[in-house]
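Just below is one structure, and these are the notes that go with it.
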2 protein chains.
Amino acid sequence: MARTTGSHSDITGPRIRDAALRLFARHGYAAVSMRQIAGEVGVQAGALYNYIPDKQSLLVELMRDHMVELLEAVPVDRSDPPLAQLEAFVRFHIGFHHARPDAVFIAYMELRNLEPGNFAEIEELRGRYEAVLERILRDGAGAGVFDVPDPKIATLAVIAMLTGVTTWFRAEGRLSLGDVQDQYWDMVRKSVMA
Amino acid sequence: MARTTGSHSDITGPRIRDAALRLFARHGYAAVSMRQIAGEVGVQAGALYNYIPDKQSLLVELMRDHMVELLEAVPVDRSDPPLAQLEAFVRFHIGFHHARPDAVFIAYMELRNLEPGNFAEIEELRGRYEAVLERILRDGAGAGVFDVPDPKIATLAVIAMLTGVTTWFRAEGRLSLGDVQDQYWDMVRKSVMA
DNA sequence: GTCTATATTCCGATAGAC
DNA sequence: GTCTATCGGAATATAGAC
């Protein structure tokens, strides 16, 4: 059962990604060195290249995994009324993003450090997520439940507002996550209602 | 009238700051080298140090100037009714930020690259700007015009929503700045109204 | 699979000539 | 005020031993 000599762990790969996620979020991709990441994991810098081809790939993987997980988790049930769909989306977005502040930070702030092909891939995923909300708003507007002259703008406005929560909300603070979800849902609901 | 031999321009200082603003916004502070900035300006890297003591000072100056300019420009007239004050704030925020997308980007994204003392200074300025909106919402809530259970949260929600405009709005696009201001004002107004 | 050692390039910042 | 040249260090990534 013993593995190759010198193999300390089967989970070095995930540990590299965890360390990179935390460090990239805290200091920014460009400001973090491979040596720093290796130091957090407890290996030498050269050892990282057994798991990733280069630093850029590490960033892309983190961003792609986050976006894919987001797309798989977002609730979509077009048989529900638009208002219920919108409420589910708002509460989901706040809860999901609150649980992954580092990934959120990276996914929104490190786009400029992606090479063109990688950028296009991540942007396509983001576009699919935005389309979920836009669909809800468009359906609701069509049904006369919502009053949104331009669903595309309303989509971007709502997502910007909701994502902002991760920049300040801390569970130890004055308000619970539920409180925050309640108040944001109230504001979003009123902002789009007819 | 001739200046010291070798002096090509009195405005090298501003040109350094312009180049740094653009490059920091595009690639991020940590990813931009002094040599790149010098290249944009048309001087050698060493010449930059006639104008700035170090790279960090350059970043701090850009952020401080942006925040100070913002605070000086934000309309404050507490003799107006809260609803009028809120509308003025919303339209101002979108217009002001739209005219300075690079400075906005830097002021919101490069906070982590500030040394602690500099960070505290910029955060204090940001707090003062947020306090302007919070004051409006609190006054309006007290007067029964607005329904905002927690003015602090509503402040952060509105600012996040408005600032998001700079990430996608382009004047050449489908909508004019006025269209965008109208629709955002409509959403903000509804979201806080009693 | 991890190590040590290193190739190569680039970094921020400084010194001194002009 | 800008130049050339350079210091000291750190960056990404690779090579080869174990």
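Quick note on labels: first sequence line is chain A, next is B, and so on, each numbered from 1.
Here the two rings, on A/His93 and A/Tyr129, have centers that are under 6.0 Å apart. For B/Tyr184 and B/Phe169, the ring centers sit 6.0 Å or farther from each other.
The distance between atom CG of B/Leu48 and atom C1' of C/dA15, rounded to the nearest whole Å, is 16 Å. Atom CG in A/Asp54 sits roughly 5 Å away from atom P in D/dA13 (whole-Å rounding). Rounded to a whole Å, the CZ atom of B/Arg15 is 15 Å from the P atom of D/dG1. To the nearest angstrom, P of C/dA13 lies 13 Å from CD1 of B/Ile16. Regarding A/Lys55, its NZ atom lies at a distance of 17 Å from the C1' atom of D/dT14, rounded to whole Å. Between A/Ile52 atom CD1 and C/dG1 atom P the separation is 15 Å, expressed in whole Å. The distance between atom OH of A/Tyr51 and atom P of D/dT14, rounded to the nearest whole Å, is 17 Å. In this structure, B/Ile37 atom CD1 and C/dC11 atom C1' are separated by 12 Å, rounded to whole Å.
Salt bridge present: B/Asp182 and B/Arg91 bring a charged side-chain N and a carboxylate O closer than 4.0 Å. A salt bridge links A/Asp139 to A/Arg135: at least one charged side-chain nitrogen sits closer than 4.0 Å to a carboxylate oxygen. Under a 4.0 Å N-O distance rule, the pair B/Glu40/B/Arg15 does not qualify as a salt bridge. A salt bridge between A/Arg126 and A/Glu130 is absent, with no side-chain N of the basic residue lying under 4.0 Å from a carboxylate O of the acidic one.
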Going 5' to 3' through nucleotides 5-10 of chain D and flagging B where a protein heavy-atom sits under 4.0 Å of the base, S where only the sugar-phosphate is that close, and - otherwise, we get -B----

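The residue among B/Ala47 and A/Met34 whose nearest nucleotide of DNA chain D is located toward the 5' end is B/Ala47.
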Before giving the answer on side chain to side chain contact (heavy atoms under 4.5 Å, CB included), spell out for B/Gln56 and B/Glu115 the whole-Å C-alpha distance, their side-chain angles and the decisive distance to 0.1 Å. CA-CA 8 Å; B/Gln56 169 87 192; B/Glu115 291 154 14; 3.5 Å; yes

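Within 4.0 Å (heavy atoms only), A/Val41 reaches no atom of the nucleic acid at all.
DNA chain C is contacted by no residue of residues 110-121 of chain B, taking any non-hydrogen atom closer than 4.0 Å.
Within the 4.5 Å cutoff, the side chain of A/Ile106 has heavy atoms near those of the A/Leu59 side chain.
Side-chain contact, A/Gln85 with A/Asp77: no donor N or O sits under 3.5 Å from an acceptor N or O. Between the side chains of B/Asn113 and B/Glu110, a donor-acceptor pair is found at a separation under 3.5 Å.
Put simply, B/Thr12 has no side-chain N or O that comes within less than 4.0 Å of OP1 or OP2 on D/dG1. For D/dT2, neither phosphate oxygen OP1 nor OP2 lies less than 4.0 angstrom from any side-chain nitrogen or oxygen of B/Tyr49. Side-chain N/O atoms of B/Gln44 include none lying less than 4.0 angstrom from OP1 or OP2 on D/dT2.
A donor-acceptor pair under 3.5 Å is absent between the side-chain atoms of A/Lys190 and the main chain of B/Ala194, judged by distance alone.
Each end of the helix from C/dG1-D/dC18 to C/dC18-D/dG1 yields a helix axis from five base pairs, and these two axes differ in direction by 0° (to the nearest 10 degrees).
Relative to the six-membered ring of A/Phe24, A/Arg26 misses at least one condition, a distance below 6.0 Å or an angle of at most 45° to the axis.
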